[in-house]
Amino acid sequence: MKIKMINLLVHRKPILCLCLAILLIGGIFAQTAENIPSEIDGEIFQQMLEKGEYRTQSFKERGKDFTLYPKTELGYLLTKTWTEEKEPVFVAESLFLIEKPEGSNQSELDTALISRIMRSISSMEGIEYYSNSEKKMKTLYSQSYTIDSLEDKNRIPDKVDGSAENLSVYAFQEDGSFGDNCYQIDYHQRENEVSMVIRLMEPLKYGLITAVKANNLVFNIDVLDKGSYLVMYVGAKVKFPAISLLENKLNKSFGSRITALHDWFASSYISAKEAELK
């Protein structure tokens, strides 16, 4: 089964994807069930095999914290990325399986490729997300690139050379819902794992309303290379004001952004691997 096909379509055509999953699940289950990764809970991984993903999401649930992160050194660090005194109101986590293209050498790790993709901030430009309010796909970032500083915001090339370990960059993004925003992105890299922490550095505005203050939004991404497949983790914590008309919109919007981040990485990775194998 091509997990990536289900991952990239599941939020657009769920009935078609369900049928596809039922028809094709046998292959990946047979190949992967005997190799349950130690970094992921076994029962959760079985559900990932069935659907290609596993998700949790909470809203205004006190004391809610990350639990699905890969049980690795880098995964544990992701539990420490919320630095604000007040708790987030939105906490969501997703785990995705991404199968490597046919013909990939399963004894070789793709960590270097994964690292380059995760640092290619400009490749996020043009990615789409599902707008729950408009019931259609929309462009998430009309502009996305690395900048030299939060003060000058001059565009610079993405820093994709070498290892991502301890790298920190700033990024500018023109958001379809919230306008111009800046983020700090911190990276770590190990032999078969790369993580990135995306932290909001300027307030998100929704019209004249401050929807999210600086430091009140953190997206964590971790990708593990397991040989024949990748495990991608996305965790989000956000705090926004208790305004009834705003809460429902933001709750759905940030959930859709997790899907968009997955789609960006998965499509970039599969395209790069298929080009490499030609």
Side-chain angles (χ1 to χ4, degrees), residues 4 7-8 11 74 78 81 94 96 98 101 110-131 137-189 193-205 212 214 217-223 225 230 232-236 253-254 256-278:
K4 67 177 188 295
N7 285 337
L8 295 174
H11 298 281
L74 298 190
L78 300 182
T81 57
S94 294
F96 302 95
I98 302 171
D110 289 329
T111 313
L113 172 60
I114 292 166
S115 179
R116 288 197 301 274
I117 292 171
M118 292 172 72
R119 286 179 282 163
S120 298
I121 306 303
S122 58
S123 69
M124 292 187 186
E125 192 167 298
I127 65 172
E128 296 184 324
Y129 77 111
Y130 182 75
S131 171
M137 298 300 296
K138 294 184 61 178
T139 298
L140 179 55
Y141 301 124
S142 56
Q143 293 189 77
S144 179
Y145 50 83
T146 306
I147 57 176
D148 58 352
S149 68
L150 294 176
E151 293 74 30
D152 297 329
K153 297 178 180 156
N154 295 315
R155 181 170 186 159
I156 61 174
D158 295 327
K159 297 184 177 182
V160 297
D161 295 331
S163 171
E165 176 59 16
N166 282 327
L167 177 67
S168 183
V169 303
Y170 293 114
F172 169 86
Q173 293 178 322
E174 184 178 347
D175 190 297
S177 296
F178 302 113
D180 295 353
N181 310 120
C182 289
Y183 299 86
Q184 178 175 319
I185 307 178
D186 300 313
Y187 295 90
H188 285 293
Q189 182 171 331
E193 182 179 15
V194 184
S195 69
M196 63 188 295
V197 178
I198 305 170
R199 184 182 306 278
L200 180 69
M201 300 304 291
E202 297 178 346
L204 288 183
K205 297 285 188 177
V212 184
L217 180 154
V218 177
F219 275 87
N220 297 331
I221 302 176
D222 187 271
V223 180
D225 188 334
L230 308 181
M232 181 180 185
Y233 168 83
V234 184
S253 176
F254 292 122
S256 295
R257 284 157 193 264
I258 288 179
T259 301
L261 286 170
H262 161 265
D263 291 357
W264 157 69
F265 174 81
S267 60
S268 298
Y269 171 77
I270 295 300
S271 295
K273 282 296 292 181
E274 289 178 342
E276 178 184 295
L277 293 168
K278 286 183 179 179

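What you see is a predicted model; the values in this text were computed from it and never measured. Only this structure's heavy atoms are used, side chains among them; waters, hydrogens and symmetry mates stay out.
Here Y183 contributes atom OH and R199 contributes atom CZ; the two are 12.5 Å apart, rounded to the nearest 0.5 Å. Residue S168 holds its OG atom at 8.5 Å from NZ of K159, rounded to the nearest 0.5 Å. Atom CG of L74 and atom CG of N220 lie 11.5 Å apart (nearest 0.5 Å). Here OH of Y269 is found 12.5 Å from CE of M232. Values are rounded to the nearest 0.5 Å. Distance check, rounded to the nearest 0.5 Å: OG of S163 to CZ of R119 gives 6.5 Å. Remark: I117 CD1 to S267 OG distance equals 8.5 Å, nearest 0.5 Å.
Side-chain contact check for R155 versus F172: every heavy-atom pair is 4.5 Å or farther apart. Y130 has its side chain out of reach of T259: every pair of non-hydrogen atoms, C-beta onward, lies at least 4.5 Å apart.
Here the closest heavy-atom approach between residue W264 and residue S120 is recorded as CZ2-O, 4.1 Å. Residues A272 and L113 share a closest heavy-atom pair of CB-CD1, 3.8 Å.
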Quiz item: Given the rule in the side chain to side chain contact (heavy atoms under 4.5 Å, CB included) test, do Y141 and I127 qualify, once you have shown the distances and angles that lead to the verdict?
Solution: CA-CA 6 Å; Y141 301 124; I127 65 172; 3.9 Å; yes
Practice problem: Decide yes or no on side chain to side chain contact (heavy atoms under 4.5 Å, CB included) for R257 and D175, but give the supporting numbers first. | Solution: CA-CA 11 Å; R257 284 157 193 264; D175 190 297; 2.6 Å; yes
Practice problem: Apply side chain to side chain contact (heavy atoms under 4.5 Å, CB included) to the pair M196 and Y187, showing each step before the final yes or no. | Solution: CA-CA 5 Å; M196 63 188 295; Y187 295 90; 3.6 Å; yes
Practice problem: Go through F178 and V212 one step at a time and tell me if the side chain to side chain contact (heavy atoms under 4.5 Å, CB included) criterion holds. | Solution: CA-CA 10 Å; F178 302 113; V212 184; 5.9 Å; no
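Note on ring orientation: taking the six-membered ring where Trp is involved, the planes of F254 and F219 are tilted (angle from 30° to 60°).
S122 and D158 share a donor-acceptor pair across their side chains, judged by distance under 3.5 Å alone.
Put simply, the side chain of E174 never gets that close to the backbone of Q143: no donor and acceptor are under 3.5 Å apart.
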